[in-house]
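Take a look at the structure below.
Remember, it's a predicted structure, so these values are computed and weren't measured experimentally.
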Amino acid sequence: QVQLVESGGGLVQTGGSLRLSCAASGGVSSTSTLGWFRQAPGKAREFAARIRWSSGTTYYADSVKGRFTISRDTAKNTVYLQMNSLKPEDTAVYYCAAGFYGGSSPSTYHDWGQGTQVTVSS
């Protein structure tokens with residue numbers, strides 16, 4: 001069981017920036033994948049970005065590519081999501097997730113954080 005705690009959400013204006021943090025504890029390994037997902041009201045949970053803990057290799061959903069950057073600090077066991085050029089459609093609860101070899105599907109992750117709300121005003 002990996003414990004994940006997200007922070008950094010809030011209310012921002014269109015075009016603004018926000019950095020989310022996900023602090024992991026309880027057994028993150030160098031082979032794990034850490035992912036960011038988001039879920040808007042009435043919609044399914046949607047993949048945003050992921051990073052391989054060992055290599056730092058990243059992958060992004062088309063909807064956030066070029067605007068969001070995922071990164072990790074292995075010393076702190078923390079993954080970040082830097083969000084720039086935010087749009088109202090980015091409004092969602094953002095979740096951090098850990099998986100052995102997670103992909104773009106939520107089902108490929110076994111541990112989840114509580115989520116942090118990101119609201120982008122228009």
Donor-acceptor pairs under 3.5 angstrom involving side-chain atoms of residues 12-28: please list them, not counting sequence neighbours.
residue, atom, partner, partner atom, Å
Thr14, OG1, Ser121, O, 2.7
Ser17, OG, Asn84, OD1, 2.8

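- Proximity of Gln117 to Thr91: side-chain heavy atoms (C-beta onward) are separated by under 4.5 Å at one or more points.
- Residues meeting the ring-ring contact (aromatic ring centres under 6.0 Å, His included) test with Tyr80, sequence neighbours left out: none.
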Inset, instruction - Show your working on side chain to side chain contact (heavy atoms under 4.5 Å, CB included) between Cys96 and Trp36 and close with a plain yes or no. - result: CA-CA 5 Å; Cys96 182; Trp36 284 100; 4.0 Å; yes

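- Ser122 is linked by a side chain to side chain donor-acceptor pair (under 3.5 Å) to nothing, counting only residues two or more places apart in sequence or in another chain.
- With contacts defined as side-chain heavy-atom distances shorter than 4.5 Å, the pair Val118/Arg38 does not qualify.
- In this structure, the side chains of Asn77 and Trp53 come closer than 4.5 Å at one or more pairs of heavy atoms.
- For the atom pair Asp62 CG and Phe47 CZ, the distance stands at 10.0 Å (nearest 0.5 Å).
- The OG1 atom of Thr58 sits 13.0 Å away from atom CG of Leu34, with the distance rounded to the nearest 0.5 Å.
- The shortest non-hydrogen separation linking Gly115 to Val93 is CA-CG1, 3.8 Å.
- The line from CD of Glu6 to OG1 of Thr116 is 7.0 Å long, rounded to the nearest 0.5 Å.
- Summarising the geometry, atom CD1 belonging to Ile51 is positioned 10.0 Å from atom OG1 belonging to Thr69; distances are rounded to the nearest 0.5 Å.
- Every residue was checked against the ring-ring contact (aromatic ring centres under 6.0 Å, His included) condition with Tyr94, not counting sequence neighbours, and none meets it.
- Checked against the 6.0 Å centroid threshold, Phe37 and Trp112 count as a close aromatic pair.
- The nearest pair of heavy atoms linking Ser105 to Ser107 is OG-OG, 2.9 Å.
- Partners of Glu89 under the side chain to side chain donor-acceptor pair (under 3.5 Å) rule, at least two apart in sequence or in another chain, do not exist in this structure.
- Taking each heavy atom of Tyr109 and Gly99 in turn, the nearest pair found is CD2-N, 3.6 Å.
- Applying the salt bridge (Lys or Arg N to Asp or Glu O under 4.0 Å) test to residues at least two apart or on different chains, the pairs with a partner in residues 67-87 are Arg67-Asp90.
- Under the 4.5 Å side-chain contact rule for hydrophobic residues, Tyr95 and Leu86 do not share a cluster.
- Formation of a donor-acceptor pair under 3.5 Å by the Tyr60 side chain with backbone atoms of Ile70 is found in this model.
- Of all heavy-atom pairs spanning Gln39 and Lys43, the tightest one is NE2-O, 3.1 Å.
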